[in-house]
There are 2 protein chains.
Amino acid sequence: MNIQKILVADDHPIFRQGLIRTIESHSSFNIIAEVNDGMQAFNKIKELKPDIAILDISMPSLSGLQIVKKVQNLNLDVKIIILTMYTDEEFFSQAIDLDIKGYILKESTAEDLIVALKNVSNGGSYISPSLTDYVIKLGRERRSFIKAKPSLKNLTPTERKILKYLAENKTSKQIGDDLVISYKTVENHRANIRDKLNLKGLNALLKFAIENKSKL
Amino acid sequence: MNIQKILVADDHPIFRQGLIRTIESHSSFNIIAEVNDGMQAFNKIKELKPDIAILDISMPSLSGLQIVKKVQNLNLDVKIIILTMYTDEEFFSQAIDLDIKGYILKESTAEDLIVALKNVSNGGSYISPSLTDYVIKLGRERRSFIKAKPSLKNLTPTERKILKYLAENKTSKQIGDDLVISYKTVENHRANIRDKLNLKGLNALLKFAIENKSKL
DNA sequence: TTCAAAATGGGTGCTACTGTCTATTTACCT
DNA sequence: AGGTAAATAGACAGTAGCACCCATTTTGAA
């Protein structure tokens with residue numbers, strides 16, 4: 001196995017320092033670039049063609065997952081490891097959909113990171129142990145073809161827009177005024193969203209909107 | 001100036017690695033302990049009496065701010081630098097109340113961290129530049145004696161409890177049943193909370209409860 | 001072009017929250 | 001002992017969201 005060329009993208013300098021030290025202490029890996037935002041990451045990947053790119057999910061200008069989409073569109077042969085703070089099922093599910101090989105949490109140890117790098121460089125995969133619940137859950141859902149997962153993906157653009165307004169705690173009437181449509185139309189959208197997301201009862205929709213507004 | 005003894009407490013091993021590397025590259029600082037949870041941090045501070053303790057806010061078993069309170073109760077002469085992911089005004093305000101000298105964000109650069117350490121070790125203070133808005137705001141509020149800040153601190157224990165239930169999207173009736181009190185009482189608490197927090201309009205309270213549930 | 005999904009607008013009854021009151025009982029502090 | 005804050009309970013009117021229905025128009029893909 002050749003020495004693996006690694007690109008590291010993370011907007012937290014001190015954490016990035018930790019990553020680099022950890023990785024460079026192993027002779028089989030060589031860091032060829034470190035960047036602190038998404039656009040830089042994408043450009044460097046195009047230019048330097050690393051074997052593995054370690055990407056933070058939340059970065060300025062382009063998120064880790066957006067980078068992956070752009071890289072895959074260009075058919076570049078780069079293995080991706082996603083790094084994230086959060087044990088967020090939605091992000092995780094998206095990452096799996098994008099066929100990402102490594103998904104590790106920032107709370108992982110240096111040893112875990114190295115294991116992940118070795119697995120991925122050998123064509124395997126690595127997912128942080130704390131996420132195994134999600135793995136099992138996703139596997140079950142997809143095997144049973146239920147598509148029971150109530151997800152934002154199923155919503156239409158207009159429904160998403162309504163959700164954004166809801167997260168700001170606007171009433172149907174206010175939203176109707178803002179969008180220049182009838183408040184009844186807004187309430188119909190609300191009903192459809194509740195239906196798709198399987199939300200029942202008063203204010204369950206508002207709760208969902210607030211808790212998920214960062215993903216809209 | 002003697003060499004400063006530093007304790008580092010953070011539950012993310014890779015980030016901790018970055019911290020340590022950064023700090024040890026300067027000869028005026030010596031790391032005497034690194035720990036990954038709050039109780040360990042407190043015990044090591046008691047035992048080793050470092051000059052400066054760098055504490056993550058969110059850690060298992062004891063948060064950074066809780067550690068500070070316990071340390072101050074013992075009258076230990078340890079300078080504290082708080083590290084955090086979030087630009088959260090509530091935490092920041094609490095930290096200032098606790099007379100913490102350093103408050104820096106994890107997105108800071110290695111240079112910023114060193115500046116913070118030097119300032120604090122010389123009896124000064126350091127606050128991440130992104131937080132200057134808060135600094136100014138807090139200063140203004142306290143100078144003008146308004147206490148206009150609608151804060152969770154003003155709430156009674158029962159009101160806090162009600163907020164927790166609200167964040168779970170329970171109705172007044174459900175909450176009343178759970179606590180074995182009349183639903184009218186619950187609605188009175190709601191009204192009082194809205195009043196104290198200056199929340200107006202339908203669902204503004206629910207929105208607040210959901211957005212602040214982590215602090216309850 | 002034809003068909004389906006999405007967006008638009010509406011009706012009706014019910015329930016929960018809001019705003020604005022009053023009032024009583026505890027509990028704690030001076 | 002007296003006073004204050006907190007917790008308890010209630011009345012009453014107004015508004016918004018929800019859960020059912022319904023129909024029409026616009027849009028886009030097969």
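This one's a predicted model, so the numbers in the text were calculated from it and none came from an experiment. We name chains A, B, ... by the order of the sequence lines, and we start the count at 1 in each one.
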How would nucleotides 25-30 of chain D be written as a contact map, 5' to 3', with B for base contact, S for sugar-phosphate-only contact and - for no contact, using protein heavy atoms under 4.0 Å? ------
Calculate the interatomic distance between B/Asp195 atom CG and D/dA5 atom P; express it in whole Å. 14 Å
What pairs meet the salt bridge (Lys or Arg N to Asp or Glu O under 4.0 Å) rule with one or both residues in residues 67-86 of chain B, with sequence neighbours excluded? none
Taking B/Val8's backbone N and O only, do any of them form a donor-acceptor pair with B/Arg16's side chain (distance below 3.5 Å, no angle check)?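 No: the side chain of B/Arg16 does not pair with the backbone of B/Val8.
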Pair A/Lys200-A/Asn198, side-chain donor/acceptor within less than 3.5 Å: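 Short answer, yes.
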Phosphate contact (D/dA16 OP1 or OP2) by A/Ser172 side-chain N/O below 4.0 Å: no
In whole Å, what is the span from the NZ atom of B/Lys173 to the P atom of C/dT15?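 About 12 Å, once rounded to whole Å.
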Rounded to whole angstrom units, what separation is found between the CG atom of A/Leu202 and the C1' atom of C/dC14?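 Nearest whole value for this atom pair: 11 Å.
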Could you tell me how far apart B/Ile193 (CD1) and D/dT8 (P) are, to the nearest whole angstrom?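 Answer to the nearest Å: 12 Å.
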Rounded to the nearest Å, what distance is computed from the CZ atom of residue B/Arg190 to the P atom of nucleotide D/dG10? 17 Å
Hey, what are the protein-to-nucleotides 5-13 of chain C N/O distances that come in under 3.5 Å?
unit_1, atom_1, unit_2, atom_2, d
C/dA7, OP1, A/Thr158, N, 3.3
C/dA7, OP1, A/Thr158, OG1, 2.4
C/dA7, OP2, A/Thr156, OG1, 2.4
C/dA7, O5', A/Thr158, OG1, 3.3
C/dT8, OP2, A/His189, NE2, 2.9
C/dG9, OP2, A/Ser182, N, 2.5
C/dG9, OP2, A/Thr185, OG1, 3.0
C/dG9, O5', A/Thr185, OG1, 3.4
C/dG9, N7, A/Asn188, ND2, 2.8
C/dG9, O6, A/Asn188, ND2, 2.8
C/dG10, OP2, A/Ser182, OG, 3.0
C/dG10, O6, A/Asn188, OD1, 3.0
C/dG11, N7, A/Lys184, NZ, 3.3

Heavy-atom pair of closest approach, residues B/Ile80 and B/Ile100: O-CG2, 3.7 Å
What is the distance from CD1 of A/Ile210 to C1' of D/dG17, rounded to the nearest Å?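 Roughly 14 Å, once rounded to whole Å.
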Taken to the nearest whole Å, CD1/B/Ile175 to P/D/dT8 is 12 Å
Looking at B/Ser128 and B/Leu105, would you say the former's side chain and the latter's main chain have a donor-acceptor pair under 3.5 Å?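 Answer holds: yes.
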Is there side-chain contact between A/Leu48 and A/Lys5, with heavy atoms separated by less than 4.5 Å?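 Result no, sub-4.5 Å side-chain heavy-atom pair not found.
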In a check of salt bridge (Lys or Arg N to Asp or Glu O under 4.0 Å) between B/Glu159 and each of B/Lys164, B/Arg194, B/Lys196, which one passes?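 With B/Glu159 as partner, salt bridge (Lys or Arg N to Asp or Glu O under 4.0 Å) holds for just one option, B/Lys196.
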Please report the interatomic distance CG(B/Asn2) to OG(B/Ser121), rounded to the nearest 0.5 Å.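 Going from CG on B/Asn2 over to OG on B/Ser121, the span is 11.0 Å.
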Indicate yes or no: at least one non-hydrogen side-chain atom of B/Leu7 is less than 4.5 angstrom from one of B/Val78. no
Provide, to the nearest angstrom, the distance between the NZ atom belonging to A/Lys200 and the C1' atom belonging to D/dC20. 13 Å
